[in-house]
Amino acid sequence: MTRASLLRHLALLSAAAVVLVPFLWIATAAIKTQIALLMGTLWFEPTLMNFEEVLFSKTSEYLHNFANSMIVATASTLIVLAVALPAAYSLAHLRWPSWMVHGLLGWSAFFHMIPPIMLAGPWYVMAQTVGMENTYSAIVLAHVTLNLPMGLWLMTIFVRDVPNELIEAARIDGAGTPAVLTRVVVPVVMPGIAATGILIFVFSWNEFPIALTLSRKDTATVPVAIAKYAQEYSIAYSDMAAAALLSTIPAVILLLIAQRFIVRGLTSGAIK
Amino acid sequence: MSVSAGAAKARRPRHPQRRRAGSEHLPGLGPWRWISLSPALIVFALFTIVPIVTLLLMSVHEVNWVDGSAVWTYVGPDHFFALDDDILFRAGIINTIIFALTAVTVQMILGFVLALLVSDVGIGKTAYRTVFLLPILVPGIVIGAIWKLMYNFDFGIMNAMVTSIGLSPQNWLGDPTLALASVILVDIWHWTPFCFLLLLAGLQSLPQDIFEAARVDGATAWQRLRYVTLPLMIPTIVVTFVFRTILAFKVFDEIFLLTGGGPGTSTEVLSFTIYRRFFTEDRVGYGSAMSLVTFFALALVIILAMNLMRRREPKT
């Protein structure tokens, strides 16, 4: 190994340390007792008490929050894919006039950049008006709206790459639009669907301001629950650390098994 | 890469000669054209257009909740005039601009350096990239929680570090002169990986033969960076910078957890002011007016940015 490449690795390793140390720090905080944490003791006996407290104590609703997040993220991901895939196919292959293609993709990009909190107010009022406050549907619909722009963009990019010859051939064989979509487009863009779906799941799982404003106790998602720890008068730091650590599990699993898809999704859309 | 590039490609007909045949001759195209697009159109109309109209209506009304139903009183443009005297709103604007520009500038520089390092690294490229991706995928609220612990005055790692090099411990989030910088540092940690990722993708898409030619001509590593890489990367750098800056206006989660806008107004950002006025103080009409003004200001910036990108497009 040359000296230059040694220096390069040294620089990158220290950057990696800057990224990882905060995670390791919160992991150690999560296995300390609150007292050991407050004392700043270096040597401590690791304990799983905080995790037990967060997951199973009668006053904690964390498992319920976890289930809520699962429901909201799964439902909104599936709906976004179901809406975005046909729309992307339509825009890319069904010869819409350019104002429609431009208008829809432009509005998507634009809406994606607006801070979501701006629409939280009207969404809240709309949910209240139709009696949907404190339901999963309200949060799911809001998350669908927030993620549809990215879904539509990514799917359009992926679906556009499906060779026209393939689609025309299927059409000549008598396949209608639904058959072309399910038998030709879906199999070909499966990796793209995976990339899009994974990203939307993660972003919906992570989303905070909308979940905060549209949920109440029974529908609160994981980020809302974690925020609650920090708002208590005396913060249960070690519980907060354990809850925060647990909430990263889905993202870490997806990162380890599907890094390729995540990178593809993040870079080809480039609008998040 | 750029927002308009995709739209332009989607517009270009792939088979000009077949176009004359007309899509109506192909089986099953007619109704499905609308059916396949309409769910997306309906979602956008119902949940983006209608809310913006609702915002417009609410901003000229005083809305009160009586027994769970809204009572609207028309007040005209009063809310908009009141915005002018709102010190929180003013602090929010100034802080958000400082926050966005400082954080994104540092993110771009660090991200570019990291991308340069990773793009030429022989082994471990995937491992480095996996680690650097982590902050992007973790909930913002968790990042807030992590740093709240790290910034803690008594037991946080930040004070452990500054005292170990002989400085006095700092009240990172409680000191009005330091709080905004502390929050910016968190954002840098959170989003540098994203700039890194986009710049790395840009670097990897550069034509390699130019570098070969420069090497053959005897250019040093520095000269190759200065006269080949940088000029070729300018479009990617500009696009990433502009859009990351606009996206930085979304900041909410970390500030909610770390400082709640305080101490005083030192970390008050726009998203937070809107949230506070609308939800915490229940001032629906006034909060809507604030949302709307911010919306149109940002819309102007975004449209300008998109046009800038579109003009750049033929070169990229």
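Residue numbers begin at 1 in each chain, while the letters A, B, ... track the order of the sequences.
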Verify side-chain contact (heavy atoms from CB on, under 4.5 Å) between B:Tyr151 and B:Asn159, making sure each step is shown before the conclusion. CA-CA 7 Å; B:Tyr151 277 144; B:Asn159 274 344; over 6 Å; no

Give the intermediate values and the outcome of side-chain contact (heavy atoms from CB on, under 4.5 Å) for residues B:Arg33 and A:Trp96. CA-CA 8 Å; B:Arg33 201 161 165 250; A:Trp96 285 97; 3.6 Å; yes

side-chain contact (heavy atoms from CB on, under 4.5 Å) between A:Leu119 and B:Ile52, intermediate numbers included: CA-CA 7 Å; A:Leu119 293 186; B:Ile52 290 168; 4.2 Å; yes

Yes or no on side-chain contact (heavy atoms from CB on, under 4.5 Å) for A:His93 and A:Val159, after CA distance, side-chain angles and deciding distance? CA-CA 8 Å; A:His93 291 284; A:Val159 169; 3.7 Å; yes

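With respect to chain B, the highest number of heavy-atom pairs below 4.5 Å among A:Gly121, A:Ala230, A:Ser247, A:Ala11 belongs to A:Gly121. Here B:Ile146 is the residue among B:Leu197, B:Asp154, B:Leu258, B:Ile146 with the most heavy-atom pairs under 4.5 Å with chain A. Heavy-atom pairs under 4.5 Å with chain A peak, among B:Phe272, B:Phe278, B:Tyr275, B:Trp189, at B:Trp189. Chain A forms the most heavy-atom pairs under 4.5 Å with one residue out of B:Leu46, B:Thr126, B:Leu270, and that residue is B:Thr126. The most heavy-atom pairs under 4.5 Å with chain B, out of A:Val222, A:Val252, A:Leu12, A:Thr129, come from A:Leu12. Note: B:Tyr128 leads B:Tyr128, B:Phe132, B:Phe252 in heavy-atom pairs under 4.5 Å with chain A. The candidate from A:Leu152, A:Val21, A:Leu254, A:Val125 with the greatest count of non-hydrogen atom pairs under 4.5 Å with chain B is A:Val125. By number of non-hydrogen pairs under 4.5 angstrom with chain B, the leading residue of A:Ala16, A:Ala142, A:Ala244, A:Pro22 is A:Pro22. The choice from B:Leu133, B:Thr54, B:Val53 that makes the most heavy-atom pairs within less than 4.5 Å of chain A is B:Leu133. Counting heavy-atom pairs under 4.5 Å between each of A:Val224, A:Ile262, A:Ile114, A:Thr248 and chain B puts A:Ile114 at the top. By number of non-hydrogen pairs under 4.5 angstrom with chain B, the leading residue of A:Leu20, A:Thr213, A:Val18 is A:Thr213. Top candidate by heavy-atom pairs under 4.5 Å with chain A, chosen from B:Ile246, B:Val284, B:Asp120, is B:Asp120.
Put simply, the side chain of A:Pro116 reaches to within 4.5 Å of the side chain of B:Lys250, judged on heavy atoms.
Heavy atoms of B:Leu41 lying under 4.5 Å from chain A belong exclusively to its side chain. At a 4.5 Å heavy-atom cutoff, the contact between B:Met58 and chain A is made by side-chain atoms alone. Residue contact with chain B, scored on non-hydrogen atoms closer than 4.5 Å, involves the side chain of A:Tyr124 exclusively. For chain B, the nearby part of A:Ile235 is the side chain; its heavy atoms alone come within less than 4.5 Å. Residue B:Phe279 touches chain A through its side chain alone, counting heavy-atom pairs closer than 4.5 Å. Contacts between B:Thr294 and chain A at a heavy-atom distance below 4.5 Å involve backbone atoms as well as side-chain atoms. Using a 4.5 Å cut-off between heavy atoms, B:Ala299 contacts chain A through both its backbone and its side chain. Heavy-atom distances place both the backbone and the side chain of A:Val19 under 4.5 Å from chain B. For A:Leu212, the part lying near chain B is the side chain, with the backbone staying farther off; criterion is any non-hydrogen pair under 4.5 Å. Of the atoms belonging to B:Phe256, it is side-chain heavy atoms, and not backbone ones, that fall under 4.5 Å from chain A. With a threshold of 4.5 angstrom between heavy atoms, A:Met240 approaches chain B through side-chain atoms but not through N, CA, C or O. Contact of B:Ile302 with chain A is made through the side chain alone, with heavy-atom distances under 4.5 Å.
In this structure, CZ on A:Phe201 lies 9.5 Å from CG on A:Asn206, to the nearest 0.5 angstrom. Remark: A:Arg8 CZ to A:Thr2 OG1 distance equals 8.5 Å, nearest 0.5 Å. Between the CG atom of A:Leu199 and the CG atom of A:Leu154 there is a distance of 7.0 Å, given to the nearest 0.5 Å. The distance from atom OG1 of B:Thr192 to atom CZ of B:Arg244, rounded to the nearest 0.5 Å, is 9.0 Å.
Heavy-atom minimum distance, A:Ile226 versus A:Ala243: CD1-O, 3.9 Å. Across every non-hydrogen atom of B:Glu254 and B:Ile143, the tightest pair is CG-CG2, 4.2 Å. For the pair B:Ile35 and B:Ser38, the tightest heavy-atom approach, listed with the atom from each and the gap, is O-OG, 3.2 Å. Counting all heavy atoms, side chain and backbone alike, A:Met155 lies closest to A:Leu85 at CE-CD1, 3.4 Å.
Taking the six-membered ring where the residue is Trp, A:Trp107 and A:Phe110 present tilted rings, their angle falling between 30° and 60°.
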